[in-house]
Number of protein chains: 2
Amino acid sequence: MGVASTAPGRRIGTTTSKTRSLLVDAAEQLLLDEGYAAVTSRRVGAKAGLKPQLVHYYFRSMEDLFLEVFRRRADENLARAEAALATDETLRTLWRINADLRGAAFNIEFVALANHHKAIRAEVARYAERFRAIQLEAMARSLAGHGIAADRLPPVAALLLMTGLTQVLSLERALGVTAGHDEALAFVTDLIDRLEPPVAPT
Amino acid sequence: MGVASTAPGRRIGTTTSKTRSLLVDAAEQLLLDEGYAAVTSRRVGAKAGLKPQLVHYYFRSMEDLFLEVFRRRADENLARAEAALATDETLRTLWRINADLRGAAFNIEFVALANHHKAIRAEVARYAERFRAIQLEAMARSLAGHGIAADRLPPVAALLLMTGLTQVLSLERALGVTAGHDEALAFVTDLIDRLEPPVAPT
DNA sequence: GTCTATACTTCGATAGAC
DNA sequence: GTCTATCGAAGTATAGAC
């Protein structure tokens, strides 16, 4: 899509450049360590060991850089989820996908960013929808397989509960608040173990 | 940043000043409308119709301003939750407290901020713990009243599921993603209606 | 007690040098 | 195709005028 740039006067570096990747790496690192406000052209340049102006050579704007950082990670997450569910479409796998979700902090930053930037909001929304769709199919089939009718527990409700729980847990963990987490985790894993008995008994 | 400094040489305005409240109002508005990055002394001053330097007269740092904005809203939320549960300690009230939670966007911003600022993280954590504690007691009593044993559904697990769900829903709503929301909401309200039949039948 | 004039830093972005 | 010199705007914060 579109680097097409109906755009006017400025020259932009190739997307295959090694330097460009370094900048995206540095931006991602900064975002995770210090939040999106720390992702400035100067600091990204410094972290990458490069001149800050290079950020503006490879990206038309800071927003473009954010989008690149987001897409890279998002594509990774989607691919990982798809791969996991392709071989094993179970509740346990779904739970693992949600619980292991790398960088919940990452998501928080982008949701916060999405409030401000229209283009980022659109991208995050698109990702959220795709991620949901991938999981929803698996959830529906899993529940049906366990004889749980959709009118008793709608698959999308189960999925939203699962997603919500894992997000709250990781969000609180980042704050240093973990009271009750073990109990909540045990509740879910017990539930899954009952529906899908583990192969190796403890 | 870390201007820690129990500080020396600068004069700070009184906390009862009308001007001060105007600045906090403006900051809160900006935070909700455009995200925390938009909360700068210049923009806060402009929104309040005042000189930007006044922000630094009434607050030792921008972090102090953020803390003030957060506390004001947090205290309001805690008081509202306490009041609601004092008169009516039911699942339905708990659900309402979570679902109605004003400004989920607000929470997002502060959680994102908490990643960066230690003082803010501490304050947000303290708030999260108090909010949880207030609800947990009510949840435990409600479940017990409905004959649901704590070893079958630990109250804290129920609460985390509830909180997680409402947070994910409002977060997604902010993104413009609402697929499945109605089903999830219906699932929970039906569940509550079954345990606590509504007084006025539809 | 309240506010302003001012200092200095860092920001995103571009035009032009290699 | 790649990078740098440089600009004007915006950031936080302080010292000092009312």
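Everything quoted here is computed from the prediction, not taken from an experiment. Sequence lines set the chain letters: A, B, ... in the order given, protein chains first and strands last, and positions in each chain run from 1.
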J.: On DNA chain C, compare the nucleotides closest to R42(B) and I12(B); which residue's is nearer the 5' end?
T.: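 Per heavy-atom nearest nucleotide, the more 5' residue is I12(B).
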J.: Checking all strands, does S41(B) fall into the base, sugar-phosphate, or nothing category for heavy-atom contacts under 4.0 angstrom?
T.: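 Touches a base.
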J.: Distance check needed: dG11(D) P versus E34(B) CD, whole Å only.
T.: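 Spelled out: CD on E34(B) to P on dG11(D) is 11 Å.
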J.: Taking atom types as modelled, is there a side-chain donor on T93(A) or T90(A) under 3.5 Å from an acceptor on the other?
T.: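 Yes, because at least one side-chain N or O of T93(A) sits under 3.5 Å from a partner of the opposite role on T90(A).
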J.: Over how many whole Å does the gap from K51(B) atom NZ to dT6(C) atom C1' extend?
T.: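 One finds 12 Å between C1' of dT6(C) and NZ of K51(B), rounded.
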J.: Could you check whether the side chain of Q53(A) and the base of dA5(D) have a donor-acceptor pair of N or O atoms closer than 3.5 Å, going by distance alone?
T.: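 Such a pair is found, so the answer is yes.
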J.: The side chain of T40(A) is closest to which nucleotide in this list: dA13(D), dC3(D), dC11(C)?
T.: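 In terms of side-chain proximity for T40(A), the closest of dA13(D), dC3(D), dC11(C) is dC11(C).
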J.: Does E89(B) offer a backbone N or O that forms a donor-acceptor pair with the side chain of S142(B) under 3.5 Å?
T.: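 Answer holds: yes.
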J.: Can you confirm whether the side chains of E109(B) and N115(A) place a donor and an acceptor under 3.5 Å from each other?
T.: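 Result is yes, a qualifying pair exists.
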J.: So, is T19(B) close to the dC3(C) phosphate, meaning a side-chain N or O under 4.0 Å from OP1 or OP2?
T.: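 Yes, such a contact exists.
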J.: When the ring centroid of Y127(A) is compared with that of F110(A), is the distance short of 6.0 Å?
T.: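 No, the ring of Y127(A) stays outside the 6.0 Å limit from the ring of F110(A), centre to centre.
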J.: Base, sugar-phosphate, or nothing for F59(B), non-hydrogen atoms under 4.0 angstrom?
T.: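 Nothing: the residue F59(B), judged by heavy atoms under 4.0 Å, touches no strand.
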J.: Rounding to a whole Å, what distance do you find between L30(A):CG and dT10(C):P?
T.: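 Whole-Å distance recorded here is 15 Å.
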J.: Measure NZ/K47(A) against P/dT10(C) and give the value in whole Å, please.
T.: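 Spelled out: NZ on K47(A) to P on dT10(C) is 17 Å.
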J.: Between H56(B) (NE2) and dA7(C) (C1'), how many Å, whole number?
T.: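 Distance check: H56(B) NE2 to dA7(C) C1' gives 13 Å.
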J.: To the nearest angstrom, how far is R43(B) atom CZ from dT12(D) atom P?
T.: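 One finds 11 Å between P of dT12(D) and CZ of R43(B), rounded.
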J.: Can you tell me which nucleotide in dA13(D), dT2(C), dG12(C) comes closest to the side chain of M62(A)?
T.: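 So the side chain of M62(A) is nearest to dG12(C).
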J.: Within the structure shown, what part of the strands sits under 4.0 Å from T14(B) by heavy-atom distance: base, sugar-phosphate, or nothing?
T.: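 Sugar-phosphate contact only.
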J.: For the pair made of CG in L54(B) and C1' in dT2(C), what is the distance, rounded to whole Å?
T.: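 About 8 Å, once rounded to whole Å.
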J.: At under 4.0 Å, does any side-chain N or O of R10(B) touch on OP1 or OP2 of dT14(D)?
T.: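 Affirmative; the distance criterion is met.
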J.: Which nucleotide wins on minimum distance to the side chain of R11(B), given the candidates dA17(D), dG12(C), dT4(D)?
T.: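 It is dA17(D).
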J.: Indicate yes or no: does R126(B) engage E123(B) in a salt bridge with an N to O separation below 4.0 Å.
T.: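 Yes, this pair counts.
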J.: Considering just the side-chain nitrogens and oxygens of Y57(B), establish if one lies under 4.0 Å of OP1 or OP2 belonging to dC3(C).
T.: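 It does not, given that no N or O in the side chain of Y57(B) lies less than 4.0 Å from OP1 or OP2 of dC3(C).
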J.: Could you tell me how far apart L23(A) (CG) and dT2(D) (P) are, to the nearest whole angstrom?
T.: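 Rounded to whole Å, this separation is 12 Å.
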J.: Measure from the side chain of Y58(B), starting at C-beta and using heavy atoms only, and say which of dT2(C), dT14(D), dC11(C) lies closest.
T.: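 Nucleotide nearest to Y58(B)'s side chain: dT2(C).
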